[in-house]
Structure formats: C-alpha cells, structure tokens
Amino acid sequence: MNSEQAVIERDQKYVVPTYKRSSFVVDHGEGVYLYDTSGKRYLDFVAGIAVNALGYGDPEILAAIEQQARRLIHVSNLYLTEPQTVLAEMLVQNSFADKVFFCNSGAEANEAAIKFARKWGRRNGGDRYEIIAFSGAFHGRTMGALAATPREHYQAPYRPLLPGVVIAEYNNLASARAAVSERTCAIIVEPIEGEGGILPATAEFLQGLRELCNERHLLLICDEVQCGLGRSGTLWAYEQSGIKPDVMTIAKPLAGGLPMGATLVTEDVASAIAQGDHGSTFAAGPLVSSVAQVVVRRVSQPSFLAHVREVGEYLGAGLRRLAQHKPIVSEVRGRGLMWAIELTEDAAPYVTKGYEQGVIMTMAGQKVLRLLPPLVIQRQHVDDFLAVLDGVLPGGAE
Ligand code: PLP
C-alpha cells in the first residue's frame with residue numbers, strides 16, 4: 001500500500017467523518033503552491049480557506065515561530081505576557097476598536113460577540129438579549145454561532161438551537177427594521193458573505209444598519225472572519241461602506257495558520273464586561289500572538305493592500321473575460337481577493353477537474369466556485385490559474 005492510500009484508510013478508520021476530503025494527501029507548501037505526497041504541484045486558490053494570506057513558508061512567520069517557541073509557547077491567561085498586549089495594541093491602532101478579547105477560532109469570536117452583546121444589552125436597559133442575523137450568513141458551528149447560521153442542513157440535527165436569534169433578509173433593510181423588537185440588543189452581519197457565496201452587503205444596507213443600531217441603541221457586530229485582514233482589498237471590509245461597527249470578529253489569517261480568533265470592541269462594550277465573564281485557556285498565548293504580530297503588521301501596510309486590490313481587479317477582469325465564452329458561468333462577483341464563479345450547475349465536478357489540472361479551488365454552496373488565494377499571489381499566478389480554468393470549464397477557449 002502506498003503512503004497516500006495508507007493516509008486515506010487511516011482517516012476513514014480513525015477520524016470522525018465530518019469532512020468531505022480531497023482524494024490527494026497534502027505534503028507541504030511553498031509560496032502559493034501546495035505539493036501532494038506524490039510530488040504533484042497545485043496552485044492554491046483556497047489558502048486553507050482564507051487563512052494562509054502570506055502563503056507557505058514565509059520567512060518572517062517561520063522566524064517568529066522559531067524564536068518565540070524557544071522562549072515560551074503557552075502559559076495561560078492567568079499570567080501576563082508581552083506578545084498578547086502588543087498584538088492587542090496593534091489591532092486597536094488599526095481599527096475602530098478600543099479593546100480586544102482573544103480566542104482560538106472564528107466561531108469562538110462570534111460566541112464572545114453574542115455573550116458580550118447580551119451582557120451589554122442587559123446593562124443598557126431591560127431584558128435585551130435578542131440578536132438579528134441574516135439569510136445566507138455563516139457564523140460558525142458552535143451552538144450560539146450555529147443559531148445565527150440559518151442553513152437547514154447545519155442546524156437540523158442539533159435543535160433546539162440557542163433561543164433569541166432572529167433571522168432577517170440580507171441586503172434588505174426593511175426586513176432588518178421589522179425584525180427589531182424591545183428585546184433586541186445587536187445585529188450581526190458579514191460585510192461580505194463568504195460561505196454564502198461571496199455576496200457583498202451593499203453600502204446602503206450597512207449604512208442603514210448602522211443608523212438602525214444608533215436609533216434603537218443596538219450593537220452592530222461585523223463578522224470579518226473571512227473578509228477581514230486585507231482579503232477584501234481594505235484592511236477591514238466595513239471601511240468600504242464608510243461605517244464603523246461596535247464589535248468585530250476576526251480569525252482565519254490572523255496568526256498565519258495557527259489557530260487564533262479575536263473579538264474587537266468599543267470601550268462602551270468592554271465596560272460591560274467584568275473579570276470572570278468569559279475566557280479561554282489557550283487564547284493569545286505568546287507563540288500565536290508573536291506570529292499574529294507579523295501578519296497584522298504586513299497586511300495593514302498600504303502597499304500590501306494596494307497589491308491585493310490590484311491583483312484582485314486583474315483576477316476579476318480575467319474571470320469576467322473568461323465568463324463571456326462560458327455559458328456555464330451565470331455570474332462572476334467578488335472584491336479584493338475573494339471571488340465567486342456562479343455556475344448553472346453543480347460546481348463539485350469542476351473542483352475535481354481543477355485538482356487533476358493542478359489547481360485548488362473550493363465551493364460556497366452547490367453551484368459556486370469560490371476563490372480565496374493567498375494575498376501574496378502575483379499576476380503571473382492569476383494568468384496560470386485562468387489558463388487552467390479555461391480548460392476546466394466547458395465552453396469555447398479564450
Ligand atoms: N464567520 C465566518 C464569516 C466564516 O467564514 C467562518 C468560517 O468559515 C466562521 C465564522 C467560523 O470560523 P471557524 O471555522 O474558525 O470557527
């Protein structure tokens with residue numbers, strides 16, 4: 001039995017089968033490429049689901065891991081360590097926020113946001129605990145985040161869900177307004193829905209939500225777990241609509257591939273939270289925090305963000321050109337380096353064809369090919385990707 005077959009069989013025998021796996025086994029990564037155990041190279045347009053923003057083997061990330069691992073990896077939040085505080089300062093200085101709560105994933109960041117909103121809502125008059133979320137949203141798979149993720153196949157096996165979550169229609173302000181009651185404390189929204197199919201909220205919608213929150217004294221929570229930290233072409237996607245949230249959740253690329261999440265809040269929200277209200281054993285240990293400093297420093301540089309916008313527009317233009325002679329493509333949409341190619345049929349076979357041709361793509365819903373390449377890709381990588389995609393999708397060649 002070859003080593004690939006052995007991995008597949010061990011996975012099937014010993015790992016709880018929650019994932020649909022690729023048929024190949026990834027061995028290592030270099031730059032914007034992954035290599036499988038047979039030595040085959042793949043151009044990676046998934047980046048660990050929007051995680052590996054700086055690609056694979058970034059020297060600064062490797063140096064931060066090595067240096068900090070030798071000093072101290074973990075000590076728990078009973079004790080102060082410098083890297084966590086420096087990271088918090090960097091996040092605050094580069095966003096709307098005044099304070100940061102750290103955790104280990106996107107779902108955990110949203111759990112913290114939900115808990116903080118409820119505590120804040122109760123402090124600010126009466127029994128306010130309801131949260132409004134939107135159709136198409138994905139906020140994670142823990143019980144709180146799941147209640148705000150209105151997808152039947154994710155929710156059905158786990159009912160009863162967390163009560164107090166009301167679903168309104170995305171990009172429909174009237175629907176959001178109608179969902180507000182005297183029990184509402186917050187609205188949670190993805191400025192660009194990721195798993196929902198790379199669907200940007202309109203600027204008017206986000207501005208309208210901000211006004212609604214001001215009027216009714218609600219918290220606006222932006223979930224930037226997928227679209228944040230440069231992916232949309234600005235450091236935070238909310239910037240593109242000219243609004244500021246009260247709470248923002250981030251994770252995915254934050255610590256360069258190590259698990260880390262964060263919930264960024266205003267002073268008003270932070271002042272509702274006291275010692276013992278929430279916590280985490282692992283959160284923002286010195287190792288992950290040191291690596292996250294590298295990521296935040298790099299992705300917040302204006303030249304880095306300009307690169308994301310420039311290569312992103314180049315990719316978008318190439319996709320639109322390709323779509324013109326591919327009747328199977330019904331829509332191309334995206335911002336920065338997050339793009340969706342909506343097909344008229346199931347996208348899964350085209351992901352598999354991509355693998356065969358040495359390109360990695362993922363899906364968002366059954367008919368959408370989702371592209372989330374490392375933010376450091378160059379035009380040449382985009383050209384190579386488009387050439388492969390042209391052969392993968394049926395229709396005339398360019
Ligand atoms: N929020 C958004 C917008 C996401 O895209 C995801 C994951 O895809 C999550 C939350 C959950 O993050 P995690 O898988 O790290 O728990």
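As the structure lists them, so they are numbered: ligands from 1, and atoms in each ligand from 1.
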Handout entry: Qualifying salt bridge (Lys or Arg N to Asp or Glu O under 4.0 Å) pairs, either residue in residues 211-231, two or more places apart
Key = Arg177-Glu215

Problem - Parallel, tilted or perpendicular, as decided by the 30° and 60° cut-offs, for the rings of His307 and Phe304 - result: tilted

Exercise for the section: Look at the aromatic rings of Phe385 and Phe45 and report parallel, tilted or perpendicular, splitting at 30° and 60°. Expected result: parallel

Exercise for the section: Report the distance from atom CZ of Arg320 to atom CD of Glu331, rounding to the nearest 0.5 Å. Expected result: 9.0 Å

Handout entry: Separation between OH of Tyr154 and CG of Leu146, rounded to the nearest 0.5 Å
Key = 10.0 Å

Problem - Stacked cation flag Arg41 on Tyr33, 6.0 angstrom / 45 deg - result: yes

Handout entry: Under 4.0 Å from ligand 1 - residues by heavy atom, chain and number
Key = Ser105, Gly106, Ala107, Asn110, Phe138, His139, Gly140, Glu190, Glu195, Asp223, Val225, Gln226, Lys252

